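These numbers were taken from a predicted model, which means no experiment stands behind them.
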Amino acid sequence: MIKKEYILSSVPCTLRELITEIVANHVQKYNERTENSQLISFLTEEDINARGIEGKVGFGSTYDDRQANEQESIQTALLAFEDGLFRVYLREEEISDLSTRIDIQDGDDIIFIKFTMLAGRLW
């Protein structure tokens, strides 16, 4: 499990607000990355090791110069939650409704579990 620390601009009171805040944070970072991409990127041994722990070693290059739309991304994430494509746990307790009131404290663990659809065939 990979732990990431987030500094939120406001304290979310519901799961909907939490997902909105997290998605907005990711969209902002994505859009900044496309604006500030280097011409030639390289990886140090430390970069390779750190990214290997996360499960993906790459240059972080963006080959599409379009910016992500924050509102569309938020709506997509909320719909994905409603469709059961991921679950959210706060302090090891599942939050199953977007309107559920939450009380997040500094240092709380929030777990997002993304479900992946597998395709294949039986032999």
In Å, rounded to the nearest 0.5 Å, how long is the span from CZ of R87 to CD1 of I111?
-> 13.5 Å
Taking the side chain as every heavy atom from C-beta outward, state whether N69 and V27 have any pair of such atoms under 4.5 Å apart.
-> no
Minimal heavy-atom distance between G84 and F115, with the atoms involved, is O-CD1, 3.5 Å
Distance in Å, Y89 OH paired with I110 CD1, rounded so as to fall on 0.5 Å steps | 14.0 Å
Between E17 and I102, is any pair of side-chain heavy atoms under 4.5 Å apart?
-> no
May I ask you to decide if S99's main-chain N or O and D97's side chain share a donor-acceptor pair within less than 3.5 Å?
-> yes
Does N31 reach the main-chain N or O of Q67 with its side chain, forming a donor-acceptor pair under 3.5 Å?
-> no
Any side-chain heavy-atom pair of T14 and R101 under 4.5 Å | yes
Side chain to side chain, E70 and Y30, heavy atoms closer than 4.5 Å = no
Flag if over 12 foreign heavy atoms under 6.0 Å of CD, E46 = no
If every non-hydrogen atom of F81 is compared with every non-hydrogen atom of I95, which pair is closest and at what distance?
-> CZ-O, 3.5 Å
Consider only side-chain heavy atoms of I, L, V, M, F, W and Y, link residues closer than 4.5 Å, and tell whether L85 and I19 are in one cluster.
-> no
Q71 and Q75: side chain donor to acceptor below 3.5 Å | no
Of all heavy-atom pairs linking H26 and Y6, the shortest is NE2-OH, 2.6 Å
Where the side chain of N25 meets the backbone of E21, is there a donor-acceptor pair that is under 3.5 Å apart?
-> no
Going hydrophobic residue to hydrophobic residue with side-chain gaps under 4.5 angstrom, can you get from L90 over to F112?
-> yes
So CG of L98 and OG1 of T20: to nearest 0.5 Å the spacing works out to 8.5 Å
Where is the tightest heavy-atom contact between R91 and Q105, given as atom of each residue plus distance?
-> NH1-N, 4.4 Å
Spacing of CG belonging to L15 relative to CG belonging to L18, to within rounding of 0.5 Å | 6.0 Å
